[in-house]
Chemist: 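Submitted below is the structure of interest, expressed as structure tokens.
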Amino acid sequence: MAAYCSPAATAAPHATPTPLPSSRKHITMCLSPKLGSSGSQRARLASSSSAPHQVRALASETAAEEAVGPAPVNVEYLAAEFAGHGVAFEPVGASCAVKMALRNGSMAHLLLPSGLVTSYKPAMWHGTVTEVLHTKVAEGPGGRAVIRGGVSVDLRCAGADDAVWSPSGAWSLRDVRGNPSTKIEIELVSSAPGNAATARCVVTLHPEALATELTVTNAAAASSMAVSCGVSNHLRVSTPDATYALGLQGSEYRSVEPALSEFSIVPPDYRAAAAGQQPARRRWADRGFDMILSGGGSGGADDQPDGEEDDDYKHMTDAMCRVYSHAPREFTILDRVRKLGELERCSVIYRFIWVELQGRRNSVRLHRKGFEELYVFSPGSQYQWYGNYAYVVVGPVMLEPVVLGPGDTWQGSQYLRNPNL
């Protein structure tokens with residue numbers, strides 16, 4: 001595990017190139033509370049007594065741009081500049097798919113300029129590969145087809161002037177490193193207007209894991225900056241009714257609404273059970289992920305957890321959306337059911353073989369660094385098996401932003417480990 005649990009925080013020795021034309025758009029500027037004067041490294045951006053702050057969805061700068069869409073990525077340039085290393089580049093609409101493949105069979109796909117990881121297929125113990133991530137094609141602005149789900153990063157940097165910047169949709173490819181025998185690293189970079197902040201994301205495909213390592217630097221000369229971040233992993237399962245979260249016993253949790261971003265998948269009829277909650281609990285449920293990433297709590301009675309997880313083998317059959325505090329740095333999502341069609345197609349003489357296969361159930365282990373909290377969402381089990389809503393979402397988040405002084409750097413990372421080898 002040591003081979004892939006060391007954060008990649010050191011900048012590459014070469015300079016950052018000019019961002020691609022396709023990655024200059026989608027910079028978010030929205031209202032946010034001002035930073036306080038406290039020098040602590042973790043500080044809240046808002047208090048429970050203040051009015052809710054408006055956070056606009058990540059979008060293009062104008063309606064015309066939404067209709068036309070972003071400028072296409074120059075796939076030929078990327079292929080010529082970064083060829084080799086076990087990486088291929090293919091156009092996907094106006095985006096570019098970066099395809100990584102290792103010799104042990106593990107594969108992963110990443111989209112530019114969004115930075116969305118759309119596929120992770122680790123090598124399995126039975127000699128084939130299995131898709132771990134869940135994605136869905138939906139209709140986006142201007143009627144364009146957009147891909148949602150996968151692994152997405154929601155990163156926000158708030159300055160003292162109330163401006164909030166996010167690199168979402170504005171990542172540029174800086175470097176490709178590694179080889180098919182060991183690991184492949186894809187390094188993405190993005191800079192705030194005026195270079196007030198820089199963000200770096202390294203996605204690494206290991207033989208036994210997929211790593212996402214983030215670095216944010218406050219490049220401002222005199223002002224502080226608050227960093228909030230969450231990573232959403234849409235994991236494919238047979239059905240939430242056969243899915244369990246292992247290792248969360250004793251963790252405190254808050255009930256929230258599902259995380260909403262340009263990459264989120266949420267059933268249209270999903271409703272959080274907030275009717276019977278106290279006002280403080282409903283405040284969390286009403287604002288959901290925006291409450292989390294804008295530091296919506298302020299301590300005190302209103303910020304107390306809803307409960308403590310009493311099950312170390314948490315069944316995800318019911319609709320649920322929680323943020324866990326004091327959770328272990330590593331936990332496991334286990335899917336106990338394999339495709340019934342495969343079992344039904346087997347003749348009676350081979351049924352004992354499939355019993356053995358079911359004993360090696362599919363699972364994904366999530367490890368995090370630099371994040372104090374954990375987000376867990378299940379849409380419930382009322383939907384079709386292996387359908388559009390046969391998934392669960394897990395990922396590291398922050399209940400409190402990290403305050404960076406001039407020149408300071410924050411690092412955070414997550415690792416999707418494949419224990420099925």
Side-chain angles (χ1 to χ4, degrees), residues 7 33 36 38 40-48 153-156 158 212 214 226-233 235 244-261 272-274 277-316 318-333 364-378 392-403 410-416:
S38 170
S40 65
Q41 285 299 307
R42 291 177 62 82
R44 298 199 179 270
L45 285 177
S47 66
S48 60
V153 175
D154 192 340
L155 175 64
R156 307 181 189 184
T212 302
L214 301 162
V227 176
S228 299
C229 188
V231 182
S232 296
N233 302 278
L235 303 181
Y244 298 80
L246 283 60
L248 296 179
Q249 187 175 25
S251 304
E252 297 177 345
Y253 64 84
R254 293 170 173 85
S255 296
V256 299
E257 278 292 303
L260 297 178
S261 75
Q277 295 176 344
Q278 299 175 2
R281 306 296 185 260
R282 284 201 303 271
R283 184 172 56 82
W284 282 94
D286 290 344
R287 291 192 61 196
F289 220 43
D290 274 338
M291 168 71 77
I292 300 167
L293 292 184
S294 61
S298 64
D302 285 352
D303 231 6
Q304 295 303 309
D306 292 340
E308 180 178 304
E309 184 58 67
D310 58 3
D311 193 349
D312 203 41
Y313 204 72
K314 177 64 177 177
H315 198 185
M316 304 185 73
D318 296 325
M320 61 171 284
C321 190
R322 294 176 175 177
V323 172
Y324 284 89
S325 301
H326 311 295
R329 292 293 174 183
E330 184 172 281
F331 84 112
T332 300
I333 294 293
V364 176
R365 190 170 298 159
L366 175 67
H367 181 91
R368 73 187 193 280
K369 288 185 178 182
F371 295 89
E372 296 301 322
E373 286 78 36
L374 182 67
Y375 173 78
V376 178
F377 168 68
S378 169
V392 296
V393 184
V394 298
V397 295
M398 298 177 180
L399 283 182
E400 297 177 347
V402 175
V403 177
W410 169 81
Q411 299 175 41
S413 56
Q414 72 151 33
Y415 308 87
L416 292 178

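The first residue of the sequence shown is numbered 1, and numbering continues consecutively from there.
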Chemist: With heavy-atom distances below 4.5 Å as the criterion, would you say the side chains of Ser251 and Pro328 are in contact?
Modeler: yes

Chemist: Could you walk me through whether Leu416 and Leu366 pass the side chain to side chain contact (heavy atoms under 4.5 Å, CB included) test, one step at a time?
Modeler: CA-CA 5 Å; Leu416 292 178; Leu366 175 67; 3.8 Å; yes

Chemist: If you look at every heavy atom in Gln414 and Pro396, which pair is closest and at what distance?
Modeler: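 In terms of heavy atoms, the two residues are closest at OE1-CD, 3.3 Å.
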
Chemist: Could you tell me the separation between the CG atom of Leu374 and the CD atom of Glu330, rounded to the nearest 0.5 Å?
Modeler: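 Answer rounded to 0.5 Å: 12.0 Å.
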
Chemist: Sequence neighbours left out, what passes side chain to side chain donor-acceptor pair (under 3.5 Å) with Arg368? Give chain and number order.
Modeler: none

Chemist: Just jot down the ring pair (Phe, Tyr, Trp, His ring centres under 6.0 Å) partners of Phe331, sequence neighbours excluded, or say none.
Modeler: none

Chemist: Could you go through Val392 and Val376, starting from their C-alpha distance and side-chain angles, then the distance that decides it, and tell me whether this counts as side chain to side chain contact (heavy atoms under 4.5 Å, CB included)?
Modeler: CA-CA 8 Å; Val392 296; Val376 178; over 6 Å; no

Chemist: Less than 4.0 Å between a side-chain N and a carboxylate O, is that true for Glu373 and Arg254?
Modeler: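 A salt bridge is absent here (no side-chain N lies under 4.0 Å from a carboxylate O).
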
Chemist: Heavy atoms only: give me the nearest Leu248-Asp312 pair and the separation to one decimal.
Modeler: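 For Leu248 and Asp312, the tightest heavy-atom pair comes out as N-OD1, 3.5 Å.
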
Chemist: Please find the pair of heavy atoms, one from Tyr375 and one from Pro258, that lie closest to each other, and give the distance.
Modeler: OH-CA, 3.4 Å

Chemist: Does Asp306 use its side chain to pair, donor to acceptor, with the backbone of Tyr253 at less than 3.5 Å?
Modeler: no

Chemist: Looking at every non-hydrogen atom in both residues, tell me the closest pair between Gly395 and Asn233 and how far apart they are.
Modeler: CA-ND2, 3.7 Å

Chemist: Relative to each other, are the rings of Tyr244 and His315 parallel, tilted or perpendicular (30° and 60° limits)?
Modeler: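 Geometry flag for His315 against Tyr244: parallel rings.
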
Chemist: Does the side chain of Met398 reach to within under 4.5 Å of the side chain of Trp410, using non-hydrogen atoms?
Modeler: yes

Chemist: In this structure, which one of Val256, Val323, Asp154 forms a side-chain contact (heavy atoms from CB on, under 4.5 Å) with Val397?
Modeler: Val323

Chemist: Drop me the distance from Glu309's CD to Glu252's CD, to the nearest 0.5 angstrom.
Modeler: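 Between Glu309 CD and Glu252 CD, I get 12.0 Å after rounding to 0.5 Å.
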
